[in-house]
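Please read through the structure below; I'll follow up with questions.
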Amino acid sequence: MANLLLRPSWYLPESAITPRAEYQRRREFLRQLGLSGAGLLAATLTGCGKETTPAAALVPATAGAATAAAAAAATGLYPAKRNPEFDPKVALSNSDEVYTYNNFYEFSTTKSRVHKLVGKFTTDPWSIHIGGLCENEMTLSAAELIGLFPLEERVYRFRCVEAWAMTVPWTGFPLAKLIEKARPKSEAKFVKFTTAMRPDQMPGIATLGEYPWPYTEGLRMDEARHPLTLLATGLYGEPLKKQNGAPLRIVVPWKYGYKSIKSLVRIDFVAQQPATLWETLNPVEYPFESNVDPGKPHPRWSQASERVLGNGESVRTLKYNGYADAVAKLY
Ligand code: MTE
């Protein structure tokens, strides 16, 4: 793992960082408070950069932010110490954008509405089952799972298949640690992930009634064990907000964003490649592997560039989202 991300191709000098400075001011503030501790044909991810976030939409998701941050800090878990190996000194995406521009189809296909529709979704208490082909099957509360391993913060690039991108500080631990604890059997070749399915709390499920809910995703065992694959519990130094996949999600930074499944209730070790929601709906547009690849256009748009969330700038997309040195050997 040493030097895994040392000066990647997207490294920027510290002088280029405005939003990050803003974020650090917030951490400083906390420290000063003494708290440092529609049918298959419609099966398409929408957006592709056409939607903009109205300014008014920024208010609800960020209101009470200081209170939430203070409560998070009081747990002693947040903000977690940033791992210097994953601190590339690049500009972070503005957190307000990241909280209000979301893909979470269980709630809505309109990105700016997701955060307004998560109110009824209860993420505490929360239970997650780790099972399938493993020696150490477990059912744990989210709090128990979060307490299993030390949390760390990592700044990762994140690239949606719809050609928008962000750079954010996730909190979590390598999924590999949990896999090791579960002791998968030798027949286990893939890991299957499942999101909660609660139609009474998730209004988007009824709207997309013919989708193969619950949302499922999967990784090959070597991808799931890769040191970059994170079980994320937080974002911007606080526990995950509901719209970003509270209380537990997966983050796989070299793959398109739909592989980074939210609000996990099951992790299963399986022998065969699992069916995933998006691949079941449209295997040509959303195949299982889905590594970020600027040279391989989506059937309906180019993947050569991406729109940076927040400033709208168009930048070149990087193979494996900039993580080629770490992951190209897997393929
Ligand atoms: N997980 C679930 N359960 N449901 C979803 O609709 N959308 C995916 C992924 N995980 C999705 C999901 C897609 S397409 C993207 S780009 C990312 O979540 C968006 O994560 P964010 O809203 O935190 O930016």
Side-chain angles (χ1 to χ4, degrees), residues 43-49 51 53 57 61 92-118 121 123 126 128 156-172 192-199 201-205 207-208 211-219 230-236 238-267 276-282 285-287 290 292 298 303 306-310 321:
T44 56
L45 276 160
T46 57
C48 217
E51 194 185 352
T53 310
L92 294 181
S93 301
N94 181 297
S95 57
D96 290 347
E97 294 276 347
V98 175
Y99 295 154
T100 56
Y101 188 86
N102 302 103
N103 270 335
F104 205 162
Y105 274 35
E106 288 88 332
F107 294 93
S108 175
T109 55
T110 305
K111 296 181 207 340
S112 58
R113 277 177 54 74
V114 171
H115 72 97
K116 297 177 180 172
L117 294 169
V118 294
F121 182 40
T123 56
W126 189 272
I128 178 166
Y156 278 175
R157 292 161 59 92
F158 189 94
R159 169 60 156 83
C160 179
V161 71
E162 299 165 340
W164 56 267
M166 59 188 190
T167 302
V168 296
W170 299 105
T171 308
K192 177 183 175 185
F193 305 99
T194 308
T195 293
M197 181 179 164
R198 303 203 199 128
Q201 298 179 8
M202 299 170 145
I205 289 184
T207 315
L208 299 170
Y211 272 35
W213 304 110
Y215 194 105
T216 47
E217 256 308 334
L219 293 171
L230 207 62
L231 195 146
T233 67
L235 186 57
Y236 290 102
E238 295 173 17
L240 285 170
K241 294 197 186 298
K242 294 178 186 180
Q243 60 269 34
N244 295 110
L248 307 162
R249 77 178 288 177
I250 296 295
V251 178
V252 198
W254 72 96
K255 292 181 179 281
Y256 290 120
Y258 59 91
K259 302 294 290 185
S260 291
I261 181 171
K262 296 178 169 181
S263 303
L264 279 179
V265 290
R266 287 192 73 94
I267 298 178
T276 70
L277 178 133
W278 280 110
E279 200 195 17
T280 304
L281 287 169
N282 196 331
E285 298 198 351
Y286 310 109
S290 352
V292 174
H298 182 280
Q303 294 290 26
E306 60 205 39
R307 180 179 57 88
V308 177
L309 200 61
N321 201 24

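In listed order, ligands and their atoms are each counted from 1. Side chains are part of it too, since the values below use all heavy atoms of this structure and drop only hydrogens, waters and symmetry mates. This one's a predicted model, so the numbers in the text were calculated from it and none came from an experiment.
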Quick test of your reading of the structure: of Y211, Y101, Y215, Y99, whose heavy atom lies closest to atom 12 (C) of ligand 1?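 Answer by nearest heavy atom: Y215.
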What about S260: any of its N or O atoms under 3.5 Å from an N or O on ligand 1? yes
Write out the residue and atom name of the closest protein heavy atom to atom 24 (O) of ligand 1, then the distance separating them to 0.1 Å.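 Here the nearest protein heavy atom works out to M166 CE, 3.4 Å.
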Atoms in ligand 1 with a heavy atom of F104 nearer than 4.0 Å: 2 (C), 3 (N), 4 (N), 5 (C), 6 (O)
Any N or O on Y258 sitting closer than 3.5 Å to an N or O of ligand 1? no
Is any side-chain heavy atom of K111 closer than 4.5 Å to a side-chain heavy atom of N102?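 No - every pair of side-chain heavy atoms lies 4.5 Å or more apart.
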Give the residue, atom name and distance (to 0.1 Å) of the protein heavy atom nearest atom 4 (N) of ligand 1. E106 OE1, 2.8 Å
Can an N or O of N102 be found at a distance shorter than 3.5 Å from an N or O of ligand 1? yes
Closest to atom 6 (O) of ligand 1 among protein heavy atoms sits Y105 N, 2.7 Å
Sort out for me which residue in Y258, W278, Y256, W254 forms a side chain to side chain donor-acceptor pair (under 3.5 Å) with S290. Y258
Hey, could you give me the OH/CE distance between Y215 and M202, rounded to the nearest 0.5 Å? 12.0 Å
Note: F158, heavy atoms under 4.0 Å from ligand 1, region reported as side chain
Among all protein heavy atoms, pick out the one at the shortest distance from atom 7 (N) of ligand 1; state its residue, atom name and that distance to 0.1 Å. N103 O, 3.3 Å
Output all residues satisfying ring pair (Phe, Tyr, Trp, His ring centres under 6.0 Å) with F107, sequence neighbours left out; order by chain, then residue number.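 Only F104, F121 meet the ring pair (Phe, Tyr, Trp, His ring centres under 6.0 Å) criterion with F107.
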Considering K259, E217, R249 one by one, which has a heavy atom nearer to atom 23 (O) of ligand 1 than any of the others? R249
If you measure every N or O of W170 against every N or O of ligand 1, does any of those distances drop under 3.5 Å?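 No - when backbone and side-chain N and O of W170 are compared with those of ligand 1, no distance drops under 3.5 Å.
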Could you check whether K262 and N244, counting side-chain N and O atoms only, form a donor-acceptor pair closer than 3.5 Å?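 Note: N244 and K262 side chains miss the donor-acceptor criterion.
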Give the residue and atom name of whichever protein heavy atom lies nearest to atom 16 (S) of ligand 1, and the separation in Å to one decimal.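 Scanning the protein heavy atoms, the shortest distance from atom 16 (S) of ligand 1 goes to C160 SG, 3.3 Å.
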Mind checking the CG-OG1 spacing from L277 to T195? Nearest 0.5 Å is all I need. 9.0 Å
Whether W278 lies under 4.0 Å from ligand 1, heavy atom: no
Should you measure from each heavy atom of N244, which atoms of ligand 1 turn up under 4.0 Å away?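 Reading through ligand 1 atom by atom, the close ones are 21 (P), 23 (O).
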Show the numbers, then the answer: is there a ring-ring contact (aromatic ring centres under 6.0 Å, His included) between Y101 and H115? CA-CA 8 Å; Y101 188 86; H115 72 97; over 10 Å; no
Would you mind checking which non-hydrogen protein atom is closest to atom 22 (O) of ligand 1, with the distance to 0.1 Å?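 Closest protein heavy atom to atom 22 (O) of ligand 1: K262 NZ, 2.6 Å.
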With a 4.5 Å heavy-atom cut-off, do K242 and Q201 have their side chains touching?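 K242 vs Q201: side chains apart.
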State the CH2-CG distance between W170 and L240, to the nearest 0.5 angstrom.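 The distance works out to 6.5 Å.
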Provide the number and element of each atom of ligand 1 under 4.0 Å from a heavy atom of T195.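 Answer, ordered by atom number: 3 (N).
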Are I267 and L231 close enough, and set up right, to give a side-chain contact (heavy atoms from CB on, under 4.5 Å), and what steps lead you there? CA-CA 11 Å; I267 298 178; L231 195 146; 4.2 Å; yes
Report, in ascending order of atom number, the atoms of ligand 1 lying under 4.0 Å from any heavy atom of W164.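 Result: 16 (S), 24 (O).
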Strictly below 4.0 Å, N to O, side chains only: are E217 and K255 in salt-bridge contact? no
